[in-house]
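Residues take their numbers from the sequence shown, with the count starting at 1.
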Amino acid sequence: MAGKKITTSSGIEVKEVYTEPSGMTELPGEFPFTRGIQKDMYRGKPWTMRQYAGFSTAEESNKRYHYLLSQGTMGLSVAFDLPTQIGYDSDHELAEGEVGKVGVAIDSLKDMEALFEGIPLESITTSMTINATAAILLAMYIALAKKQGANLKQISGTIQNDILKEYAARGTYIYPPTPSMRLITDIFEYCSREVPKWNTISISGYHIREAGSTAVQELAFTLANGKTYLKAALDKGLDINVFAKRLSFFFNCHNNFFEEIAKFRAARRMWAHITKELGATDAGAQKLRFHTQTGGSTLTAQQPMNNIVRVGMQAMAAVLGGTQSLHTNGYDEALSLPTEAAAKIALRTQQIIAFESGVTDTVDPLAGSFFVEELTNQMEAAAQAYINKIDAMGGSVKAIENDYMQQEIGAAAYQYQNDIESGEQVLVGVNKFIQPEAVADSVFRVNDAIRTKQIEQLHRLKEQRNNADVNQALQHLGVAAKGTENIMPYILTAVESYATLGEIADTLRDIFGEHR
């Protein structure tokens with residue numbers, strides 16, 4: 001708690017922040033925010049412990065959300081299955097074998113109602129990892145909040161809504177870049193007016209890193225994408241001092257402890273200067289706020305219990321780097337979706353760091369370390385060199401169209417794999433300290449019969465809804481998409497008539513086309 005006297009177990013008082021004689025004159029909470037975006041950071045309150053979860057049906061995921069909330073998680077984070085991510089209903093032929101597998105299947109507002117049954121949206125924050133269909137899922141969330149009687153001015157959360165990294169690293173895109181950017185800026189504009197506490201984009205470096213990039217590339221490409229979104233919103237006439245406050249970031253935390261901490265510190269400093277150069281004068285619009293997830297690609301199927309240590313180390317780096325919210329992976333995720341037991345250990349990892357380690361007692365505790373300060377400077381310089389190249393190409397869209405980012409990430413991934421195979425990069429239990437492996441005794445699998453159940457519900461919905469209202473809503477959406485007005489209100493109307501995600505996505509496909 002800010003202002004509260006805190007001592008170590010030996011009775012030594014811990015100051016809120018350390019400056020001189022360590023050589024640190026910059027204070028936390030002050031431009032360019034290298035040391036953190038709040039002056040008291042975790043002495044005021046801890047980061048949000050937001051565990052990523054979603055699988056099978058909405059009803060099954062709802063049970064996991066209630067379990068996580070009962071165990072002390074402070075916010076929800078929704079994983080969607082692949083058909084939902086790329087705009088297909090569960091009965092589409094391309095959805096076969098994928099329904100409910102890597103996230104929850106959401107076909108309509110009816111599923112969203114089941115997903116949050118018994119969870120008042122006004123009292124929690126929700127993060128949704130969704131990109132190409134972000135406008136549709138956000139509309140469903142808003143529609144549900146309205147049905148719950150929530151004050152839309154008070155609901156808060158985040159949609160990822162970062163399509164550029166999909167083209168560069170992940171691949172769950174639908175539409176070409178130009179209409180995709182229109183959808184994003186329409187969301188910026190709509191939310192600033194209707195749901196002002198909603199974070200309208202989470203610019204993701206996580207998936208760039210998972211695709212094989214280095215830490216420097218993750219930092220550079222993420223901030224370059226962020227600049228592109230800022231410029232697109234400015235071109236639409238939006239006020240940077242308003243919309244930039246609702247932008248957040250999503251970073252990976254990998255194994256090199258100090259490099260990750262330096263990456264987070266450099267990111268804040270660089271973003272502060274980027275926003276200032278583009279016209280932001282409000283300190284709130286200059287602050288980089290970010291969520292962190294421990295590195296999924298660092299988890300090993302061999303000796304999976306070792307992953308508990310990896311996750312703990314990565315989580316500690318994220319906290320020392322000043323994250324605003326954190327997801328810790330389950331130790332068994334290299335084998336399957338996390339079991340309930342693994343999810344609990346992942347959450348307990350955060351709670352032990354927050355309440356037992358003492359690292360939250362002072363702000364930016366590694367500040368002034370010769371190594372950390374120099375590493376922060378070197379990370380910034382290397383990332384800036386990449387951004388300068390991307391700017392010279394004409395920005396992120398051009399860099400992606402030229403395959404520049406993709407080639408750089410691919411080369412880094414290839415080098416990392418070579419280092420593992422040569423033994424230069426040690427992976428405990430994989431290429432060193434190997435032992436015979438027992439068959440995993442507890443893995444979590446989603447039954448293929450889930451698709452049958454989801455299709456039955458979907459067909460029942462289509463029989464019971466007012467199809468005249470659905471057809472009219474989709475027709476109006478198509479007309480709006482052909483024009484220039486904001487299409488979010490039309491998507492919301494379609495959602496509220498119980499048009500399905502696939503029907504809405506297909507309406508936009510007919511107008512925008514598909515990216516190839």
#### Entry: Within the 6.0 Å centroid threshold, strictly below: His476 and Tyr490
no

### Task
Please determine if Glu218 and Lys165 form a salt bridge, counting it only when a charged side-chain N lies under 4.0 Å from a carboxylate O.
no

### Task
Apply salt bridge (charged side-chain N to carboxylate O under 4.0 Å, His left out) to Glu59 and Arg64, showing your working.
CA-CA 9 Å; Glu59 292 81 4; Arg64 178 64 65 89; over 6 Å; no

### Message
Do Lys110 and Tyr498 form a cation-pi contact, if we require the NZ or CZ to be under 6.0 Å from the six-membered ring centre and within 45 degrees of the ring's axis?
### Response
yes

### Message
Regarding Asp235 and Lys231, does a basic nitrogen lie under 4.0 Å from an acidic carboxylate oxygen?
### Response
no

### Query
Is the NZ or CZ atom of Arg516 both under 6.0 Å from the centre of the six-membered ring of Tyr173 and within 45° of that ring's axis?
no

#### Entry: Closest contact, heavy atoms only, Ala135 versus Leu183
CB-CD2, 4.4 Å

### Task
Take Lys101 and Glu98, measure what salt bridge (charged side-chain N to carboxylate O under 4.0 Å, His left out) needs, and give me the verdict at the end.
CA-CA 5 Å; Lys101 290 296 178 71; Glu98 294 293 346; over 6 Å; no

### Message
Check whether Phe188 forms a cation-pi arrangement with Lys236 (NZ or CZ under 6.0 Å from the six-membered ring centre, at most 45° off the ring normal).
### Response
no

### Query
Any chance the rings of His515 and Tyr175 have centres within less than 6.0 Å?
no

### Query
Salt bridge check: are Lys147 and Glu496 linked by an N-O gap of less than 4.0 Å?
no

#### Entry: Distance-minimising heavy-atom pair for Gly295 and Asn329
C-ND2, 3.6 Å

#### Entry: Neighbour count >12 (heavy atoms, 6.0 Å) for atom CD, Glu96
no

### Task
Look at the aromatic rings of Phe31 and Phe33 and report parallel, tilted or perpendicular, splitting at 30° and 60°.
perpendicular

### Query
Nearest heavy-atom pair of Gln350 and Leu326: which atoms, and what distance?
NE2-O, 2.9 Å

### Message
Tell me the closest heavy-atom pair linking Leu223 and Leu288, and the distance in Å.
### Response
CD2-CD1, 4.0 Å

### Query
Got a salt bridge between Arg451 and Asp91, using NZ or NE/NH1/NH2 to carboxylate O under 4.0 Å?
no

### Message
Using a 6.0 Å cut-off, check whether atom CD of Glu485 has over 12 heavy atoms from anything other than its own residue.
### Response
yes

### Query
Does Lys398 NZ have over 12 foreign heavy atoms under 6.0 Å away?
no

### Query
Given Glu60 and Lys63, is the salt bridge (charged side-chain N to carboxylate O under 4.0 Å, His left out) satisfied, shown in steps?
CA-CA 5 Å; Glu60 289 300 312; Lys63 293 176 186 176; 3.2 Å; yes

### Query
After noting the C-alpha distance and the side-chain angles of Lys146 and Glu194, does the key distance pass the salt bridge (charged side-chain N to carboxylate O under 4.0 Å, His left out) rule?
CA-CA 12 Å; Lys146 288 170 67 177; Glu194 303 296 334; over 6 Å; no

#### Entry: Carboxylate-amine/guanidinium contact Lys453 Glu456, below 4.0 Å
no

### Query
Should Tyr229 and Thr185 count as side-chain neighbours, where that means a heavy-atom distance under 4.5 Å?
no

### Task
Would you check if the distance from the ring center of Phe251 to the ring center of Tyr206 is below 6.0 Å?
no

### Task
For side-chain hydrogen bond (donor to acceptor under 3.5 Å, both in side chains), just list the numbers for Asp282 and Gln286, CA-CA rounded to whole Å, side-chain angles, deciding distance to a tenth of an Å, and then say yes or no.
CA-CA 7 Å; Asp282 189 310; Gln286 299 167 341; over 6 Å; no

### Message
Run the ring-ring contact (aromatic ring centres under 6.0 Å, His included) test on Phe264 and Phe290 for me, step by step, so that the C-alpha distance in whole Å, both residues' side-chain angles and the decisive distance to 0.1 Å come before the verdict.
### Response
CA-CA 9 Å; Phe264 299 134; Phe290 69 100; 4.9 Å; yes

